[in-house]
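Sequence lines set the chain letters: A, B, ... in the order given, protein chains first and strands last, and positions in each chain run from 1. What you see is a predicted model; the values in this text were computed from it and never measured.
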There are 2 protein chains.
Amino acid sequence: MPQKRPVQIMEAALGVFARRGFSAATLDEIAGRAGVTKGTIYRYFSGKETLFIETLRWKIGGAIGELDMPEGQESAETLVERVVRSALSLFHEREFLSVVALLVGEANRFPTVAKRYYRDVILVMNRTIAQAVSVLAERGKLRADLDPLIAGRALVGMVLVFGLSQELLRGKEILPISERDIARTVISLALDGLRGRESRAGR
Amino acid sequence: MPQKRPVQIMEAALGVFARRGFSAATLDEIAGRAGVTKGTIYRYFSGKETLFIETLRWKIGGAIGELDMPEGQESAETLVERVVRSALSLFHEREFLSVVALLVGEANRFPTVAKRYYRDVILVMNRTIAQAVSVLAERGKLRADLDPLIAGRALVGMVLVFGLSQELLRGKEILPISERDIARTVISLALDGLRGRESRAGR
DNA sequence: TGCAAATAACTGACCAGTCAGTTATTTAGT
DNA sequence: ACTAAATAACTGACTGGTCAGTTATTTGCA
């Protein structure tokens, strides 16, 4: 079991940073949660800033593997539904949402971290979705006149906004909206837009 | 000109809070920007936390008037285009985006502020858009089987995601995406979805 | 002159980062 | 296998700097 300490510390750090933000987080609290003392953190990380960066790098690296999206012979409906549902569950996971919020909140102070997240998480996921959209467009299953990268990201945005507004800003305590309704509406909107289909065939 | 000092201070405070976040912002910097000294802040605000809350309350209150959306006899195309374009320009304004980021970043520490923002800004704007969507749906210009509140918010989400990813996280430095392309894709997506229209009538 | 507004100097709490000392673990010699 | 020596991991008290909040002093206006 080589080097479990750094991971132990980073796990604690992520929780504290997510709850308090970079500045308000204290190394003593992080150390306490990790079951060590502050001095020990300095055996593995050269300072608070490094700990923050390393922790996010570690978490971001781990996040990449999570979304495998093999777009085999799947229909447009299935693709959209799967993307929307997985985005929805992702943005309702407290931890993931907290990391997003943390990055957004600290983007000014740590632009390189923000950019790494963009490159390693957002772009990678976005390209995967865009790729699937392209394939279906080539097969004539989806329209081909939209930039698949932009369309894919917009699709995720439709879900993201509910994570931020309902969960993070606590909107659900004022106006609850069920995940089912969000999923249904977003999927339908993504497929057919506000005008709907001319022919309401099938379904 | 009664009481211009508080506003002067809050303007400075907003800038500093937006750039640094609540914890890292210092009263000395805020005071300096406002052209006063720290002690003066305490003549008008009882402390840092109060200043933060009051500043956002003031800014949030001011934001409500901005989006007037008279949905007269407007077509579906015009409505969507107008919503998308105004959201787009809003989320590219540095200050607005910073306030959103600030709220997101500090939502854990100031849940009541986050909720106020939700209630007074998000919900109000959302209802306005939903209202317009409903009217058009009743006239048969838009499909009526979607929850207009959810659809309207999702629409804004499509734009929000580009503000966050491209501007705030600095994604445009890695992969620039033009506002024109975003607008075109989102509008088209919102109206007709990924499948497009059966009959591509008109333009 | 009187007094509110503003300043500037000050205080005390907090916290990142350091380090001397302690404990646990590994190595190596018999 | 035993243990002494060496090394690595860890601790907790301490320091120096920062900053919210307070107080004493000055400014300027009626």
Would you say the ring centers of A/F162 and A/F91 fall short of 6.0 Å from each other?
no
At less than 3.5 Å, do the side-chain atoms of B/K48 and the base atoms of D/dG21 form a donor-acceptor pair?
no
Starting at atom CG of B/D28, determine the distance to atom C1' of C/dC10, rounded to an integer number of angstrom.
13 Å
Less than 3.5 Å between a donor and an acceptor, one on the side chain of B/K38 and one on the base of D/dA20, is that the case here?
yes
In whole angstroms, the gap separating C1' of D/dG12 from OH of A/Y42 amounts to 14 Å
Between A/F22 and A/R43, who's closer to the 5' end of DNA chain C by nearest nucleotide?
A/F22
Is any side-chain nitrogen or oxygen of B/Y44 closer than 4.0 Å to OP1 or OP2 of C/dA6?
yes
Taking every non-hydrogen atom, the tightest pair across B/K48 and B/F22:
NZ-O, 2.8 Å
note: B/E29, atom CD; D/dA20, atom C1'; distance rounded to Å ~ 15 Å
Rounded to whole Å, please give me the gap between CG in B/L27 and P in D/dT22.
11 Å
Do the side-chain N and O atoms of A/S165 and B/R153 include a donor-acceptor pair separated by under 3.5 angstrom?
yes
Looking at A/T40, I'd like to know whether one of its side-chain N or O atoms comes within less than 4.0 Å of OP1 or OP2 on D/dT11.
yes
